[in-house]
Structure formats: C-alpha cells, structure tokens
Amino acid sequence: MARYKSELIETLTSRGFLHQCTDLEGLDAKAAAGPISAYIGFDATADSLHVGSLVQIMMLRWIQKTGHRPMPLMGGGTTKIGDPSGRDESRKLLDDAMIAANIAGIRRCFDRFLTFGSGPTDAVMLNNAVWLDGLQYIPFLRDVGRHFTINRMLTMDSVKLRLEREQPLTFLEFNYMILQGYDFVELYRRHKITLQLGGSDQWGNIVQGVELGRRIAEAELYGFTCPLITTSSGAKMGKTAAGAVWLNAERVSPYDYYQYWRNTEDADVGRFLKLFTDLPLGEITRMEKLAGNEINEAKKILGFEATRLLHGEAAATEAAETARKTFEQGGIGENLPTIEMTAADFGAGIPAWSLFQKAGLADSNGEARRLIRGGGAKLNDQKLEDENLNVQASAAVNGVIKLSAGKKRHALVKVS
RNA sequence: GGAGGGAUGGCCGAGCGGUCAAUGGCAGCAGACUGUAAAUCUGCCGACUUAUGUCUACGAAGGUUCGAAUCCUUCUCCCUCCA
C-alpha cells in the first residue's frame with residue numbers, strides 16, 4: 001500500500017503536507033536509511049505562535065514521531081531583518097530584549113508538541129543569532145555572497161512581487177534570503193541537518209539554501225514545503241474576529257481554541273483532521289464520509305483532538321464539556337468567560353447594556369446598546385427587549401447571571 | 001539638488017468651503033434560514049446612561065472664514081520623474 005519507503009515521507013504525503021520537494025525520492029531513501037535531522041525556521045516577532053504556524057509545528061511533530069530529529073530554529077538573527085515574502089511593507093524591527101522574550105514564549109508552544117532533550121530523536125531549539133550576530137561582512141560576502149546572483153534573486157517571488165507592485169524593498173530585506181540560505185549550511189555543519197521544511201512561501205529561500213549547501217559544503221540537502229493552508233472559503237487560517245488564534249493559553253483560552261476548531265467549515269473537516277491531529281488515517285476517512293448534521297460529530301473530535309494536543313487531555317475534556325452544556329443543553333458551562341461582581345456593585349440595579357459591556361461581550365456601551373436593539377442579546381437565555389432594563393443582583397440564578405451575545409458568545413457574571 | 005503627486009475611519013477608497021461622523025467596497029457584529037457549517041438575504045457598524053445633545057476624528061502645527069477633510073503657510077513621512 002505504501003508508496004514510499006520511509007515512514008516519514010509516507011506519513012507527510014498521505015496526510016496532505018506535501019506541496020513541493022526538491023528531491024522526493026532522494027529524501028525518501030535517505031529517511032528510510034536512518035534518522036535525519038530536519039529544521040523549520042520561525043520568526044520571533046511575537047511571544048506566541050498562532051494557528052497559522054501549526055502546520056509547520058505538526059510537520060516537526062511527525063518528524064519526531066517517525067523516528068527523526070526535529071529542530072525548530074528561532075530566527076533570532078533574521079528577525080532583525082524581516083522576511084519580505086508575502087508582504088508589501090517592511091516589518092518593524094525589534095530589539096534584542098523583545099526577541100529574547102518572544103523566543104521564550106514560543107518555546108512554551110513547542111513544548112506541547114515536541115519532546116526536547118539530548119537523545120537522538122529529541123528536539124533541540126536553535127537560534128540563528130548564534131552565528132549571524134557575529135558574522136563578518138567582508139568574509140561573508142566573499143564566501144557566501146559570490147554564490148548568489150542578483151539576476152537569480154530578482155526572479156524570486158518574494159522580490160519580484162514587491163518590485164512589480166512598485167513597493168520599496170530595502171537592501172536590508174533583500175539580504176534575508178541569503179541569510180536564510182546560509183542558515184541551512186550552518187545547520188548542516190553544526191548539527192548535520194539535511195532537511196528544511198517550511199510553508200510554500202518559503203520555497204525560494206529553501207532552494208537557495210539547498211544550492212548553497214551543495215556549492216560550499218558539498219552537502220546533499222533537501223527542501224520540503226507544505227501548502228499554504230486556507231479554509232475552503234479562502235480565508236487564511238487562524239484569523240477570527242478577536243484576532244489571531246494564538247497557541248498561548250493566556251491569549252486564547254482552551255475553550256476558545258476548542259470552539260475555533262469546532263466551527264470548522266464542513267469542507268475542511270477531513271483535511272484538518274489529517275493535518276492537525278494525530279488520528280490514524282483510517283479513522284479520518286471514516287469520519288469524512290459523514291454528511292449533513294452528522295459531520296458535527298467529526299468537528300467535535302477535531303476540536304477535542306486539536307485542543308488535547310495543545311492544552312492536554314484535561315483541558316480538552318473541560319472545553320468540550322463546557323461547549324456541550326452551553327450549546328446542547330442551553331445550560332451554563334463552567335468554562336465560559338466570567339466576571340465577578342458583588343451584590344453591592346449592583347446597588348439599585350445596573351442597566352442591561354452596561355452589564356454586557358462589563359462582561360466583555362461589547363467593546364463599548366454604544367455597541368452593547370446596538371446589540372440589544374438588534375435583538376441579539378440574551379440574559380439568562382431570555383431575549384432582551386429593553387436595553388435600559390434594570391438588572392438587579394437578584395437576577396442571578398445560583399449566583400450566576402448568564403449573558404449571551406448571539407448564539408455563540410456567552411459570558412457569566414458571578415454575583416457574590 | 002530640481003519638478004510634480006500623495007497622506008481620509010480596522011483595511012481599500014470617494015469627498016475637494018456649509019446639507020460630512022464623512023458615499024462605496026472588504027472585514028466585523030447581530031437577525032433570518034440551518035447543523036455551533038458554508039452560501040444567501042436583512043439590520044448595525046467613532047465615543048459618551050441615547051441627547052432634533054456633547055465630544056473626538058480626515059498626517060502634524062498654525063492661519064483665513066460666520067463655517068474647513070475641503071482654501072493658505074510651515075513641518076513630517078511616502079511615491080514618481082529629471083539631475
């Protein structure tokens with residue numbers, strides 16, 4: 001059945017991770033012959049990764065699960081430059097302290113998905129600042145710069161698109177791909193890394209690295225990219241009303257994370273199960289066949305599994321349970337966002353719109369009013385007709401007032 | 001160095017002396033339909049306890065005017081062309 005010799009390539013291809021590879025057969029043979037080390041570069045532009053990076057993280061996870069060594073590379077050095085790929089404007093430059101803090105935050109995300117350590121297949125987190133910061137300009141130009149032609153660089157999409165749109169591209173950013181290519185060679189020399197993975201937008205940069213390795217280190221390097229993951233309706237992964245879906249629990253709670261996956265579009269369920277969970281393919285194939293209402297069961301599994309990977313079994317169970325109570329029983333789930341108030345805070349009563357604002361279901365009082373006027377607000381599951389309704393502390397049932405904005409957004413007010 | 005063009009709400013983009021809290025589109029929120037989906041249709045979409053009210057806002061600071069996003073001056077940043 002298997003089309004490939006190595007478990008690694010068989011897994012990655014059958015689960016939908018393959019977009020392009022520099023030499024799929026060669027890589028397959030190498031992976032079948034013994035453990036290899038592979039890396040993916042991550043920018044240190046925020047203190048957490050988000051769902052947009054999850055495909056890459058899952059690739060590293062499979063690297064490890066199939067007996068190889070995953071090496072997440074932090075762009076401590078390259079973050080000071082900014083990748084021009086896919087953007088018209090230059091990135092803001094970050095200073096060292098911020099980058100260090102970001103790297104520490106990102107490390108916590110990785111801990112969930114990879115096993116770190118010093119064993120042969122244990123992950124090690126690397127930072128390209130180690131070799132980039134002390135780089136000497138003239139030697140670098142002579143050793144590395146000579147292998148890059150401007151002619152070639154101008155044809156790279158990241159550069160070409162910027163120029164075609166007549167957007168400025170600074171020399172600083174122009175150097176990004178050279179440094180990324182150089183990273184690969186350094187990683188080969190230092191850690192015997194022979195495979196770079198990345199998103200499809202990194203293809204050009206990856207190929208540069210593979211070629212540079214062949215030229216200056218006689219290394220046989222491989223590049224492998226995964227497709228840019230979008231939803232079936234074309235939206236990029238990981239963007240919601242509230243902003244990016246971060247992997248950090250402080251930014252996005254396990255419950256919200258669960259809900260994010262629970263609300264996946266029908267057409268994406270199978271694909272996402274393959275990409276974002278560890279479930280066996282056979283099981284996923286079975287779930288993909290579910291149609292109509294039944295596909296919701298598959299979405300619950302997707303939500304649970306994705307949350308379990310990131311936040312652990314207990315948090316996933318709790319999130320699923322909260323969702324079940326809230327949506328299927330119309331009751332009160334424990335994990336809903338909650339604010340605390342005392343009976344004294346209520347005084348003679350608080351207007352309904354104010355309560356919605358305080359509970360975080362509306363950004364401003366005006367928005368809360370509009371929500372109620374538009375008929376989208378509920379208090380203890382009763383539709384609110386009057387935005388000025390005076391809510392007393394006694395409105396609490398078992399010490400809790402449940403507020404709802406629409407069908408999906410709920411919050412609790414605990415009255416003590 | 002010289003000559004032009006531009007900077008408008010989360011984004012794109014109209015407006016070019018009053019009727020402008022500012023047309024449109026996108027995004028977002030809510031309602032209907034459903035399955036906590038998608039698509040579609042409808043409403044909302046600066047803030048203020050809502051008020052034919054006040055305040056803040058059209059790059060920044062001044063000025064002209066009864067009145068300025070719109071006119072003038074200076075400044076900042078960006079782009080294009082010439083040298």
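Not measured: the values here are computed from a predicted model. Below, chains carry the letters A, B, ... as their sequence lines are ordered, and counting in each starts from 1.
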_Working for side-chain contact (heavy atoms from CB on, under 4.5 Å), residues A/D278 and A/W62_ = CA-CA 9 Å; A/D278 289 342; A/W62 284 114; 3.9 Å; yes
*Residues A/L281, A/K274; criterion side-chain contact (heavy atoms from CB on, under 4.5 Å); working and verdict*: CA-CA 7 Å; A/L281 285 174; A/K274 284 183 206 156; 3.7 Å; yes
*asked:* Determine whether A/Q196 and A/Q202 satisfy the following criterion, side chain to side chain donor-acceptor pair (under 3.5 Å), listing intermediate values before the conclusion.
replied: CA-CA 10 Å; A/Q196 180 178 184; A/Q202 295 299 314; over 6 Å; no
*Give the C-alpha distance, both sets of side-chain angles, the deciding distance and a yes or no for side-chain contact (heavy atoms from CB on, under 4.5 Å) between A/V210 and A/D23.*
CA-CA 11 Å; A/V210 170; A/D23 175 8; over 6 Å; no
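Partners of A/A362 by side chain to side chain contact (heavy atoms under 4.5 Å, CB included), not counting sequence neighbours, listed by chain and number: A/E367, A/A368. Applying the side-chain hydrogen bond (donor to acceptor under 3.5 Å, both in side chains) rule to A/D381 yields the partners A/K402; only residues at least two apart in sequence or on another chain are considered. A/R15 is linked by a salt bridge (charged side-chain N to carboxylate O under 4.0 Å, His left out) to nothing, counting only residues two or more places apart in sequence or in another chain. Residues meeting the side chain to side chain contact (heavy atoms under 4.5 Å, CB included) test with A/S253, sequence neighbours left out: A/Y255, A/D256. For A/E7, the side chain to side chain contact (heavy atoms under 4.5 Å, CB included) criterion is met by A/T11, A/T66, not counting sequence neighbours. For the side chain to side chain contact (heavy atoms under 4.5 Å, CB included) test, residues two or more places apart in sequence or in another chain that qualify with A/R271 are A/I229, A/S232, A/D268, A/L275.
Between A/K300 atom NZ and B/U36 atom P there is a gap of 9 Å when expressed in whole angstrom units. Residue A/D268 contributes atom CG, which lies 10 Å from atom C1' of B/A38 at whole-angstrom precision. Put simply, CD1 on A/I372 is 15 Å from P on B/C45, counting in whole angstrom units. Straight-line distance from the CD atom of A/E328 to the P atom of B/U36: 9 Å, rounded to whole Å. Straight-line distance from the CG atom of A/L273 to the C1' atom of B/A37: 14 Å, rounded to whole Å. Protein atom CD of A/Q329 is 15 Å distant from nucleotide atom C1' of B/U36, rounded to whole Å. Residue A/E265 contributes atom CD, which lies 7 Å from atom C1' of B/A37 at whole-angstrom precision. Separating the CG atom of A/D256 from the C1' atom of B/U36 is a distance of 13 Å, rounded to the nearest angstrom.
Taking atom P on both B/G62 and B/G13, the two are 29 Å apart, rounded to the nearest angstrom. B/C66 and B/C12: their C1' atoms are spaced 36 Å apart (whole Å). On the P atoms, B/U54 is 47 Å away from B/U36, given to the nearest whole Å. With both ends at atom C1', the span from B/A69 to B/U56 equals 14 Å, rounded to whole Å. Rounded to a whole angstrom, the distance from the C1' atom of B/A51 to that of B/A68 is 26 Å. Distance check on atom P: B/A14 versus B/A39 gives 28 Å, rounded to whole Å. When the C1' atom is compared between B/U42 and B/G6, the two are found 39 Å apart, to the nearest whole Å. On the P atoms, B/C55 is 14 Å away from B/U50, given to the nearest whole Å.
Counting non-hydrogen atoms of other residues, nucleotides and ligands closer than 6.0 Å to CD of A/Q392 gives a total above 12. Heavy atoms of other residues, nucleotides or ligands lying less than 6.0 angstrom from CD of A/Q136 number 12 at most. Shown here is A/Q382, whose CD atom has no more than 12 heavy atoms of other residues, nucleotides or ligands within 6.0 Å.
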For nucleotides 30-34 of chain B, list the nitrogen or oxygen atoms of the protein found under 3.5 Å from its nitrogen or oxygen atoms, one pair per line.
residue	atom	partner	partner atom	Å
B/A30	OP1	A/A405	O	3.3
B/A30	OP1	A/R409	NH1	3.3
B/U34	O4	A/K407	NZ	2.2

For nucleotides 50-56 of chain B, which of its nitrogen or oxygen atoms have a protein nitrogen or oxygen under 3.5 Å away, and what is each distance?
residue	atom	partner	partner atom	Å
B/U50	O2	A/R373	NH2	3.0
B/U50	N3	A/R373	NH2	3.1

At a cut-off of 3.5 Å, list every protein nitrogen or oxygen paired with a nitrogen or oxygen from nucleotides 21-27 of chain B, distance to 0.1 Å.
none

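Proximity of A/Y39 to A/D183: side-chain heavy atoms (C-beta onward) are separated by under 4.5 Å at one or more points. Proximity of A/L247 to A/I57: side-chain heavy atoms (C-beta onward) are separated by under 4.5 Å at one or more points.
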*asked:* Pairs counted only when both distances fall under 3.5 Å, Watson-Crick or G-U: show me the 5' to 3' dot-bracket for RNA chain B, [ ] for pseudoknotted crossings and | for other-strand partners.
replied: ((((((((.[[[..)..(.....]]].(((((.......))))).(((....)))...[[[[[..)....]]]]]))))))).
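Between A/I295 and A/N388, it is A/I295 whose nearest contact on RNA chain B lies nearer the 5' terminus.
Put simply, the side chain of A/H68 never gets that close to the backbone of A/K65: no donor and acceptor are under 3.5 Å apart.
With A/F327 as the aromatic partner, A/R262 does not meet the cation-pi criteria of under 6.0 angstrom to the ring centre and within 45 degrees of the ring axis.
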List, one per line, each side-chain donor-acceptor pair under 3.5 Å for residues 347-357 of chain A, sequence neighbours excluded.
residue	atom	partner	partner atom	Å
A/W353	NE1	A/N388	OD1	3.1
A/Q357	NE2	A/N365	OD1	3.4

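For the segment residues 311-326 of chain A, the set of residues with a heavy atom within less than 4.0 Å of an atom of RNA chain B comprises A/A323, in numerical order.
Note on A/E294: nothing from the nucleic acid sits closer than 4.0 angstrom, heavy atoms only.
A close approach under 4.0 Å does occur between a side-chain nitrogen or oxygen of A/S364 and OP1 or OP2 of B/C48.
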